[in-house]
Amino acid sequence: MRNLGSKVLAIFICFLFIPVLGEAQTHQNPEAAAKPPAGFALLVDLSSSMRYMAPCDGWVKEEAVGALLRKINHRLPDHPYMASLRVFGYKQAWTQDDFTALYYGPSTYMAADLDQAIARLVAADSVSPFAAALDASEAELQGMGEPKAVLMFSDLEPVIGSGDPVKSAGDVRRTYGQNVGIYTFYVSTHHDSPKLAKEIAEAGGGRSYDICQMLADEAAFEKMMMDIFGPGGNPCQDGDGDGVCDIDDLCPETPLGAPVDGRGCWIAAYSQFFDFDKDVVKRAYRPRLERAAEILNNNPGLSRIIIAGHTDN
């Protein structure tokens with residue numbers, strides 16, 4: 001993993017065994033979930049605030065979002081969806097086009113391909129251009145059948161530069177009518193976040209959900225899946241509760257609360273921890289390392305870990 005423009009350290013901790021390797025709001029228009037969607041668009045917040053701790057089980061916010069995305073991905077009903085994944089938040093924005101980027105699709109849904117896109121999610125140094133992401137999602141929605149669903153994942157902490165996401169959600173709803181539902185998933189301690197999540201979802205004919213609850217409460221998660229995707233979800237035994245079904249899990253005894261990749265293996269951290277020519281960990285990434293240390297301390301029986309680092313010339 002080489003980056004010739006900056007010094008990069010990718011630290012990951014994957015424990016190895018043998019073999020190695022909120023409450024949901026209830027203000028939904030009932031027509032939005034009348035039948036399974038033909039397509040769905042995922043919108044994921046990668047703003048700088050997503051690097052900080054979530055209010056649930058010690059997760060970092062972006063890790064909590066990734067865990068829920070993987071859980072949804074592994075539990076989708078067997079259906080020929082069209083799907084896309086768009087991120088919002090940016091490192092450098094010279095024009096409004098840089099506010100958001102397409103990471104996956106729109107294409108015929110493949111769980112393995114979506115897993116790879118989810119693995120790329122790393123928060124940037126930015127604000128949250130919610131409205132720009134919703135507006136840009138029109139490009140994906142136009143190529144999907146009907147009905148269709150938009151799922152937005154964020155801490156939904158409003159800041160200058162967010163635009164007017166409630167208006168944008170309403171615009172999407174006015175364009176597609178009852179053939180679209182916008183669903184918001186929030187992870188935040190900010191007192192305004194549940195309110196904003198609810199307002200966006202209501203404007204888009206959908207419902208809002210607390211990410212922490214979706215990760216901790218299996219019944220609430222199953223209800224959410226039924227609300228959005230309808231019946232027929234894949235049965236899933238998940239012995240270690242990491243969101244990856246046992247049949248797909250290459251690390252089946254993940255420590256409780258550890259974020260995992262698409263294989264079900266704990267990746268404690270995998271990102272650019274240092275500025276160019278520096279050896280001091282950026283403040284934004286300290287929560288990730290502290291969380292990794294906490295999990296290690298709480299699981300003294302782990303037999304082996306790997307710590308790896310990479311840099312440029």
**Report entry** Residues forming a side-chain contact (heavy atoms from CB on, under 4.5 Å) with Ser84, sequence neighbours excluded
**Finding:** Ala41, Leu102, Pro106, Glu140, Met144
Report task. Using ring-ring contact (aromatic ring centres under 6.0 Å, His included) as the criterion, list what pairs up with Phe185, not counting sequence neighbours. Result -> Phe153, Tyr209
**Report entry** Any donor-acceptor N/O pair, Ser168 side chain to Pro165 backbone, under 3.5 Å
**Finding:** no
Report summary line: The residue among Tyr183, Phe221, Phe40 that forms ring pair (Phe, Tyr, Trp, His ring centres under 6.0 Å) with Phe229 is Phe40
Query raised in the report: What distance do Arg120 atom CZ and Leu85 atom CG have between them, rounded to the nearest 0.5 Å?
Result: 9.0 Å
Report summary line: Sorted by chain and residue number, the side chain to side chain donor-acceptor pair (under 3.5 Å) partners of Ser188 (sequence neighbours excluded) come out as Glu157, Ser193
Query - Separation of Met152 CE from Phe130 CZ (nearest 0.5 Å) - result: 7.0 Å
Report task. Under the salt bridge (charged side-chain N to carboxylate O under 4.0 Å, His left out) rule, collect the residues that match up with Arg174, sequence neighbours excluded. Result -> Asp171
Query raised in the report: To the nearest 0.5 Å, how far apart are SG in Cys212 and CG in Asp210?
Result: 5.0 Å
Query - Under the salt bridge (charged side-chain N to carboxylate O under 4.0 Å, His left out) test, residues paired with Glu138 that sit two or more places apart - result: none
Query raised in the report: If you round to the nearest 0.5 Å, how far is OH of Tyr186 from CG of Asp192?
Result: 12.5 Å
Query raised in the report: With sequence neighbours excluded, what pairs up with Asp164 under the side-chain contact (heavy atoms from CB on, under 4.5 Å) test?
Result: Val166, Lys167
**Report entry** Residue list, ring-ring contact (aromatic ring centres under 6.0 Å, His included) with His79, at least two apart or on another chain
**Finding:** Tyr81
**Report entry** Pairwise distance CG(Asp227) to CD(Glu222) - rounded to 0.5 angstrom
**Finding:** 11.0 Å
Report summary line: Looking only at heavy atoms, the pair that brings Tyr104 and Ala117 closest together is CB-CB, 3.8 Å
Query - Main-chain N/O of Cys251 paired to Asp249 side chain as donor or acceptor, under 3.5 Å - result: yes
Query raised in the report: Do the side-chain N and O atoms of Arg86 and Thr100 include a donor-acceptor pair separated by under 3.5 angstrom?
Result: yes
Query - Shortest non-hydrogen separation from Gly230 to Pro77 and the atoms involved - result: O-CG, 4.0 Å
Query raised in the report: How would you list, by chain and number, every residue that makes a side-chain contact (heavy atoms from CB on, under 4.5 Å) with Glu146, sequence neighbours excluded?
Result: Lys148, Tyr176, Asn179
Query raised in the report: If every non-hydrogen atom of Ala64 is compared with every non-hydrogen atom of Ile211, which pair is closest and at what distance?
Result: O-CG2, 4.0 Å
Query raised in the report: Hey, is the main chain of Val180 close enough, under 3.5 Å, to the side chain of Arg173 for a donor-acceptor pair?
Result: yes
Query raised in the report: With Ala111, which residues qualify under side-chain contact (heavy atoms from CB on, under 4.5 Å), at least two apart?
Result: Asn73, Tyr109
Query raised in the report: Is there a side-chain contact between Val187 and Leu68, using heavy atoms and a 4.5 Å cut-off?
Result: no
Query raised in the report: With sequence neighbours excluded, what pairs up with Thr184 under the side chain to side chain donor-acceptor pair (under 3.5 Å) test?
Result: none
Requested in this report: Verify side-chain contact (heavy atoms from CB on, under 4.5 Å) between Ile228 and Ile72, making sure each step is shown before the conclusion.
Outcome: CA-CA 11 Å; Ile228 300 175; Ile72 291 172; over 6 Å; no
Query - For Gln142, side chain to side chain donor-acceptor pair (under 3.5 Å) partners two or more places apart - result: none
Query raised in the report: Between Leu76 and Met225, is any pair of side-chain heavy atoms under 4.5 Å apart?
Result: yes
**Report entry** All side chain to side chain donor-acceptor pair (under 3.5 Å) counterparts of Glu199, not counting sequence neighbours
**Finding:** Lys195
Query raised in the report: Heavy-atom distance under 4.5 Å between the side chains of Leu121 and Leu69, does that happen here?
Result: yes
Requested in this report: Kindly indicate, with the supporting measurements, whether the criterion salt bridge (charged side-chain N to carboxylate O under 4.0 Å, His left out) is fulfilled by Glu218 and Lys71.
Outcome: CA-CA 11 Å; Glu218 190 64 21; Lys71 187 173 183 179; 3.2 Å; yes
Query raised in the report: From Ser154 OG over to Met50 CE, what is the distance, rounded to the nearest 0.5 angstrom?
Result: 5.5 Å
Requested in this report: Run the numbers on Leu42 and Ile118 for side-chain contact (heavy atoms from CB on, under 4.5 Å), then give the verdict.
Outcome: CA-CA 10 Å; Leu42 306 174; Ile118 295 169; 5.8 Å; no
Query raised in the report: Just wondering, do Phe88 and Leu46 contact through their side chains at under 4.5 Å, heavy atoms?
Result: no
